[in-house]
> 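Quick one: structure below, then a few questions.
Just so it is clear, the structure is predicted and the values come from calculations on it, not from any experiment.
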Amino acid sequence: MVSHSELRNLFCSADAVCFDVDSTVIQEEGIDELAKFCGVEDAVSEMTRQAMGGAVPFKAALTQRLALIQPSREQVQRLLAEHPPHLTPGIRELVSRLQERNVQVFLISGGFRSIVEHVASKLNIPSTNVFANRLKFYFNGEYAGFDETQPTAESGGKGKVIKFLKEKFHFKKIIMVGDGATDMEACPPADAFIGFGGNVIRQQVKDNAEWYITDFVELLGALEE
């Protein structure tokens with residue numbers, strides 16, 4: 001069991017901090033917003049709830065939800081133009097502060113790269129630091145599935161990304177921050193996990209995270225000490 005002060009020290013001395021995106025960096029669940037935009041909100045949000053609670057294997061839930069939504073390339077582009085995701089209060093300042101300290105910031109998401117890259121651009125995070133799922137489209141723009149080879153397409157994928165980052169960049173300390181079961185499962189190989197409940201509270205995460213926060217001010221404060 002790691003003490004709270006040890007966790008704070010780990011966070012403040014990390015080489016890299018990895019953030020989940022949906023309901024963490026942004027206030028929405030990207031796939032639910034896409035479902036709402038495509039008119040199949042209710043069925044998909046229930047599947048999301050089960051997936052985030054860990055009740056359904058992630059890849060199976062993603063496949064089922066996308067089969068219902070069938071998003072076209074044009075619909076994804078219109079969603080970003082007409083209903084862009086809202087950044088969670090404090091995340092812009094936190095990412096900026098981490099970058100000032102030469103800490104690498106990564107976005108690791110079970111959501112879609114087209115949406116996550118849009119978010120990354122708002123936070124001055126390079127697209128090379130984005131790990132997310134890729135939607136596939138036919139030449140006419142209709143939905144053609146998703147890239148199942150991406151590590152984020154299945155349960156345990158975020159841990160695989162963190163393991164890859166450690167091997168590639170030789171990071172000594174990586175922190176994972178997120179709201180869901182898939183984020184908590186990434187520790188280890190992450191050296192610490194910080195549960196986030198500022199947008200939605202997942203009881204499993206709240207009960208089991210050794211450090212649980214409801215806004216990013218606490219992390220900013222830790223960096224300023």
> Enter the distance from Glu100:CD to Glu93:CD here, rounded to the nearest 0.5 Å.
11.0 Å
> Tell me, which pairs form a side-chain hydrogen bond (donor to acceptor under 3.5 Å, both in side chains) where one or both residues lie in residues 102-117, sequence neighbours left out?
Gln104-Asn129, Arg113-Glu117
> If every non-hydrogen atom of His118 is compared with every non-hydrogen atom of Pro85, which pair is closest and at what distance?
CD2-CD, 3.8 Å
> To the nearest 0.5 Å, how far apart are NZ in Lys36 and CD1 in Ile31?
13.5 Å
> As an exercise, state the distance from NZ of Lys158 to CE of Met176, rounded to the nearest 0.5 Å.
5.0 Å
> Working to the nearest 0.5 angstrom, can you tell me the gap between Ile174 CD1 and Ile162 CD1?
6.0 Å
> With sequence neighbours left out, write down each residue that passes salt bridge (charged side-chain N to carboxylate O under 4.0 Å, His left out) with Asp15, or none if nothing qualifies.
none
> Under the criterion side-chain contact (heavy atoms from CB on, under 4.5 Å), I'd like the reasoning laid out for Val119 against Val130: C-alpha separation, chi angles, the key distance, then a yes or no.
CA-CA 10 Å; Val119 173; Val130 169; over 6 Å; no
> Could you check if a side-chain atom of Gln75 sits within less than 4.5 angstrom of a side-chain atom of Leu79, using non-hydrogen atoms only?
no
> What is the minimum heavy-atom distance between Pro89 and Gln27, and which atoms define it?
CD-NE2, 3.5 Å
> Nearest 0.5 Å please: distance from the CG atom of Asp191 over to the NZ atom of Lys173.
8.5 Å
> Please say yes or no: joined through hydrophobic side-chain contacts below 4.5 Å, possibly via intermediate residues, are Tyr143 and Tyr138 part of one cluster?
no
> Work out which heavy atom in Leu62 is nearest to a heavy atom in Gly110; give both atom names and the distance.
CD1-O, 4.4 Å
> Are Asp32 and Phe37 close enough that some pair of their side-chain heavy atoms sits under 4.5 Å apart?
no
> Indicate yes or no for a side-chain donor-acceptor contact from Glu142 to the backbone of Arg73 under 3.5 Å, with no hydrogens or angles considered.
no
> Indicate yes or no: at least one non-hydrogen side-chain atom of Phe146 is less than 4.5 angstrom from one of Lys136.
no
> What residues, two or more places apart in sequence or in another chain, satisfy ring-ring contact (aromatic ring centres under 6.0 Å, His included) together with Phe169?
Phe171
> With the side chain counted from C-beta on, respond yes when Gln70 and Cys38 share a heavy-atom pair under 4.5 Å apart, and no when they do not.
no
> Under a 4.5 Å cut-off applied to non-hydrogen side-chain atoms, are Phe106 and Val161 in contact?
no
> Got Val177 and Asp183 here, is their nearest side-chain heavy-atom distance under 4.5 Å?
no
> Begin from the C-alpha positions of Val95 and Asn124 and carry the test side-chain contact (heavy atoms from CB on, under 4.5 Å) through to its verdict.
CA-CA 9 Å; Val95 169; Asn124 296 314; over 6 Å; no
> Looking only at heavy atoms, which two atoms of Ile115 and Gly30 are closest? And how far apart?
CD1-O, 4.4 Å
> Hey, what do you get for OG (Ser96) to CG (Leu123), rounding to the nearest 0.5 Å?
9.5 Å
> Will you find, in the side chains of Glu29 and Ser23, an N or O donor that is under 3.5 Å from an N or O acceptor?
yes
> Does a salt bridge link Glu167 with Lys163, judged by any charged N lying under 4.0 Å from a carboxylate O?
yes
> Between the main-chain N or O of Glu74 and the side-chain N or O of Arg78, is there a donor-acceptor pair closer than 3.5 Å?
no
> Find out whether Phe112 and Val76 are in side-chain contact, i.e. whether some heavy atom of one side chain is under 4.5 Å from a heavy atom of the other.
no
> Give a yes or no on whether the backbone of Ile91 and the side-chain of Thr88 come within a donor-acceptor separation of less than 3.5 Å.
no
> Side chain to side chain donor-acceptor pair (under 3.5 Å) with Lys172: which residues, sequence neighbours excluded?
none
> With Thr149, which residues qualify under side chain to side chain donor-acceptor pair (under 3.5 Å), at least two apart?
Asp147
> What I want to check is whether the side chains of His83 and Glu33 have a donor and an acceptor closer together than 3.5 Å.
no
> Is the distance between the ring centroids of Phe216 and Phe196 under 6.0 Å?
yes
> Check whether any side-chain heavy atom of Ile175 sits under 4.5 Å from a side-chain heavy atom of Cys187, and report yes or no.
no
> Partners of Thr24 by side chain to side chain donor-acceptor pair (under 3.5 Å), sequence neighbours excluded?
Asp20, Asp179
> Please check if atom NZ in Lys122 has more than 12 non-hydrogen atoms from other residues, nucleotides or ligands closer than 6.0 Å.
no
> What heavy-atom pair brings Gly159 and Pro189 nearest, and what distance separates the two atoms?
O-CG, 3.2 Å
